[in-house]
Amino acid sequence: MTGKDNENYNKEYIEYVKSFDPPTQHFKNCFRAFIVGGLICCVGQFIRLFLENVFSLSGDELAGATSMLLIFLGCFLTGLGVYDRVGRNAGAGSIVPITGFANSVASPAMEFKTEGFIYGLAAKMFIVAGPIIVYGVLSGSLVGVIYWLLGL
């Protein structure tokens, strides 16, 4: 086979594979992600206003309590299987908020619980979220050192 024949063969193969892929509906996917992500954020704002007005929380206490409740709701809905159904339809709209992070920790923990508490639950819990935590802490530390060096 010459280089030209090989190039034509590759193009034909790529077109053949693409014929089996359903067309991606970018606008529909983006719209769903926007709506679901926005609804999750609206729930978070409702929780924040509720805690602020009913329990008179403010500042860091309010932010911490709101975050904890959203994480709890994400894990709880993952346990019930609701969050996975929402994620199938919403895509990135359910992954980006803090509830998506809770889902990425709770899902592997539930999946591997049959392997035991240590080797299953504890070891596999951060399979998805672990790299996010590590690189988030490292990049945050790096930015902090840069700010410190610049005297900001």
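Below, each value reflects all heavy atoms present in this structure, side chains not excepted, and no hydrogens, waters or symmetry copies.
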For Leu73, side chain to side chain contact (heavy atoms under 4.5 Å, CB included) partners two or more places apart: Ile47

Transitively linked via ILVMFWY side-chain contacts under 4.5 Å: Leu70 with Val105? no

Nearest 0.5 Å please: distance from the CG atom of Leu49 over to the CD atom of Gln45. 4.5 Å

Spacing of CD1 belonging to Ile133 relative to CG belonging to Leu138, to within rounding of 0.5 Å: 12.0 Å

So Ile35 and Arg32, do their side chains get closer than 4.5 Å, heavy atoms only? no

Parallel, tilted or perpendicular: which fits the ring planes of Tyr16 and Phe20, with parallel below 30° and perpendicular above 60°? perpendicular

Could you please spell out the steps behind the side-chain contact (heavy atoms from CB on, under 4.5 Å) verdict for Leu69 and Leu51? CA-CA 10 Å; Leu69 279 171; Leu51 293 173; 3.9 Å; yes

Co-membership, hydrophobic cluster, residues Val137 and Phe101, 4.5 Å side-chain: yes

With a 4.5 Å cut-off on side-chain heavy-atom distances among I, L, V, M, F, W and Y, is there a chain of contacts connecting Val54 to Phe46? no

Closest heavy-atom contact between Leu62 and Arg48? CD1-O, 3.4 Å

What distance separates Leu57 CG from Thr66 OG1, expressed to the nearest 0.5 Å? 8.0 Å

Given the rule that I, L, V, M, F, W and Y join up when any side-chain heavy atoms are under 4.5 Å apart, are Ile146 and Leu149 in one cluster? no

Thr78 to Ala106 - nearest heavy-atom pair and separation: CG2-CB, 4.0 Å

Closest approach of Ser94 and Val86, non-hydrogen atoms and distance? CB-CG1, 4.3 Å

Verify the cluster assignment for Val82 and Val36: are they in a single hydrophobic cluster under the rule of side-chain heavy atoms below 4.5 Å apart? yes

How close do Ile71 and Ala102 get, counting heavy atoms only, and between which atoms? O-CB, 3.5 Å

Apply side-chain hydrogen bond (donor to acceptor under 3.5 Å, both in side chains) to the pair Tyr83 and Thr99, showing each step before the final yes or no. CA-CA 9 Å; Tyr83 206 88; Thr99 53; 2.8 Å; yes

Where is the tightest heavy-atom contact between Asn103 and Pro108, given as atom of each residue plus distance? O-CD, 4.3 Å

Under 6.0 Å from the CG atom of Asp21, do we count more than 12 heavy atoms belonging to anything else shown? yes

Closest approach of Ser139 to Gly136 (non-hydrogen atoms, all atoms of both residues): OG-O, 3.2 Å

To the nearest 0.5 Å, atom CZ of Phe72 lies from atom OG of Ser67 at 15.0 Å

